[in-house]
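Since the structure comes first, as structure tokens, the remarks are kept for the end.
For ligands, and for the atoms within them, numbers begin at 1 and follow the listed sequence. Hydrogens, waters and symmetry mates are skipped; everything else that's a heavy atom, side chains included, is used.
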Amino acid sequence: MKFIIMSISLLFAVSMYADAKRGEAVYKANCAQCHSIHMTGGLGRDFNLVSYTRTKQQIMEYAEDPSSHYREFGYNANAMPTLPLTGDEIEDVADFISSLQPFKKWMAKKKSSK
Ligand code: HEC
């Protein structure tokens, strides 16, 4: 039984890692010019902060269509362009952003193993 649970969570971890890896490439090509991941600054917020303060769903919504979400995210104006990304790319980059916080990853695993 323990072995089964361990293999399942390992599989889960591997598949999360794969999405986050693809998402990192999406990030580098489409977001890195405005969003840092090591608090070095930029036009948009650092994704480390974003990963703590936003859900994966919120990140996906914002990446897909910033112009219709900026008010509910607390901004007075929208400077982020709507990027030509596919649904998969948006999900992968949201996984990558969420993966920046080890604590969040640990919580996700706890929830899914119930
Ligand atoms: C041209 C610069 C630029 C690019 C490229 C860009 N962003 Fe942004 N982003 C911004 C700015 C500026 C904001 C602040 C709100 C606004 O102006 O829309 C923002 C806000 C956000 C937010 C909300 C942050 C929060 O917690 O309040 C998310 C999520 C986000 N961006 C994700 C992305 C993702 C994912 C990509 C790449 C696929 C990306 N951005 C590419 C400039 C950019």
Reference residue Phe47; test side chain to side chain contact (heavy atoms under 4.5 Å, CB included); the match among His35, Gln101, Arg54 =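 Result for side chain to side chain contact (heavy atoms under 4.5 Å, CB included) with Phe47: His35.
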
Please classify the [X] to ligand 1 contact at 4.0 Å (heavy-atom distances, strictly less than): side chain, backbone, both or neither.
{"X": "Met80", "value": "both"}
{"X": "Ile90", "value": "neither"}
{"X": "Ala63", "value": "side chain"}
{"X": "Leu85", "value": "side chain"}
{"X": "Gln58", "value": "neither"}
{"X": "Ala77", "value": "backbone"}

Exercise for review: For Tyr75 and Met80, run side chain to side chain contact (heavy atoms under 4.5 Å, CB included): C-alpha distance rounded to whole Å, both residues' side-chain angles, the deciding distance at 0.1 Å, then the answer.
Suggested key: CA-CA 11 Å; Tyr75 296 100; Met80 175 168 154; over 6 Å; no

Could an N or O of ligand 1 be found under 3.5 Å from any N or O of [X], whether backbone or side chain?
{"X": "Gln33", "answer": "no"}
{"X": "Thr53", "answer": "no"}
{"X": "Tyr75", "answer": "yes"}
{"X": "Tyr70", "answer": "no"}

Return the residue, atom name and 0.1 Å-rounded distance of the protein heavy atom closest to [atom].
{"atom": "atom 38 (C) of ligand 1", "answer": "Cys31 SG, 2.6 Å"}
{"atom": "atom 5 (C) of ligand 1", "answer": "Asn30 O, 3.2 Å"}
{"atom": "atom 17 (O) of ligand 1", "answer": "Ala79 N, 2.6 Å"}

- Query: Step by step, would you call Tyr62 with Val50 a side chain to side chain contact (heavy atoms under 4.5 Å, CB included)?
  - Reply: CA-CA 11 Å; Tyr62 210 86; Val50 174; over 6 Å; no

* Any Gly74 heavy atom less than 4.0 Å from ligand 1 ->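 So Gly74 does not count as touching ligand 1.
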
Heavy atom of Phe47, distance to ligand 1 below 4.0 Å:
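Phe47 counts as a contact of ligand 1 under the 4.0 Å cut-off.
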
Common cluster, [X]/[Y], ILVMFWY with side-chain heavy-atom separation under 4.5 Å:
{"X": "Leu85", "Y": "Ile37", "value": "yes"}
{"X": "Phe73", "Y": "Met60", "value": "yes"}
{"X": "Ile59", "Y": "Leu49", "value": "no"}

Heavy-atom pair of closest approach, residues [X] and [Y]:
{"X": "Met39", "Y": "Asp46", "value": "N-OD2, 2.5 Å"}
{"X": "Pro81", "Y": "Pro66", "value": "O-CG, 3.6 Å"}
{"X": "Glu61", "Y": "His69", "value": "O-CD2, 3.4 Å"}
{"X": "Ser51", "Y": "Ser98", "value": "CB-CA, 4.2 Å"}
{"X": "Asp92", "Y": "Arg22", "value": "OD2-NE, 2.8 Å"}

What distance separates Lys56 NZ from Ile97 CD1, expressed to the nearest 0.5 Å?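 So the NZ of Lys56 and the CD1 of Ile97 are separated by 11.0 Å.
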
Ligand-residue contact atoms, ligand 1 with [X], heavy atoms, under 4.0 Å:
{"X": "Val50", "value": "24 (C), 26 (O)"}
{"X": "Arg45", "value": "25 (C), 26 (O), 27 (O)"}
{"X": "Gly44", "value": "10 (C), 11 (C)"}
{"X": "Arg54", "value": "25 (C), 26 (O), 27 (O)"}

Under 2.8 Å from atom 8 (Fe) of ligand 1, is there any N, O or S atom belonging to Tyr62?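 No, Tyr62 does not qualify, because none of its backbone or side-chain N, O or S atoms lies under 2.8 Å.
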
How about His35: does one of its N, O or S atoms come closer than 2.8 Å to atom 8 (Fe) of ligand 1?
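A backbone or side-chain N, O or S atom of His35 is under 2.8 Å from atom 8 (Fe) of ligand 1.
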
Evaluating non-hydrogen atoms only, which member of Cys34, Pro66, Ala94 is closest to atom 1 (C) of ligand 1?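 Checking each option, the heavy atom nearest atom 1 (C) of ligand 1 is found in Cys34.
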
- Task: Starting from the C-alpha separation in whole Å, work towards a yes-or-no answer on side chain to side chain contact (heavy atoms under 4.5 Å, CB included) for Val93 and Asn30.
- Result: CA-CA 10 Å; Val93 80; Asn30 300 283; over 6 Å; no

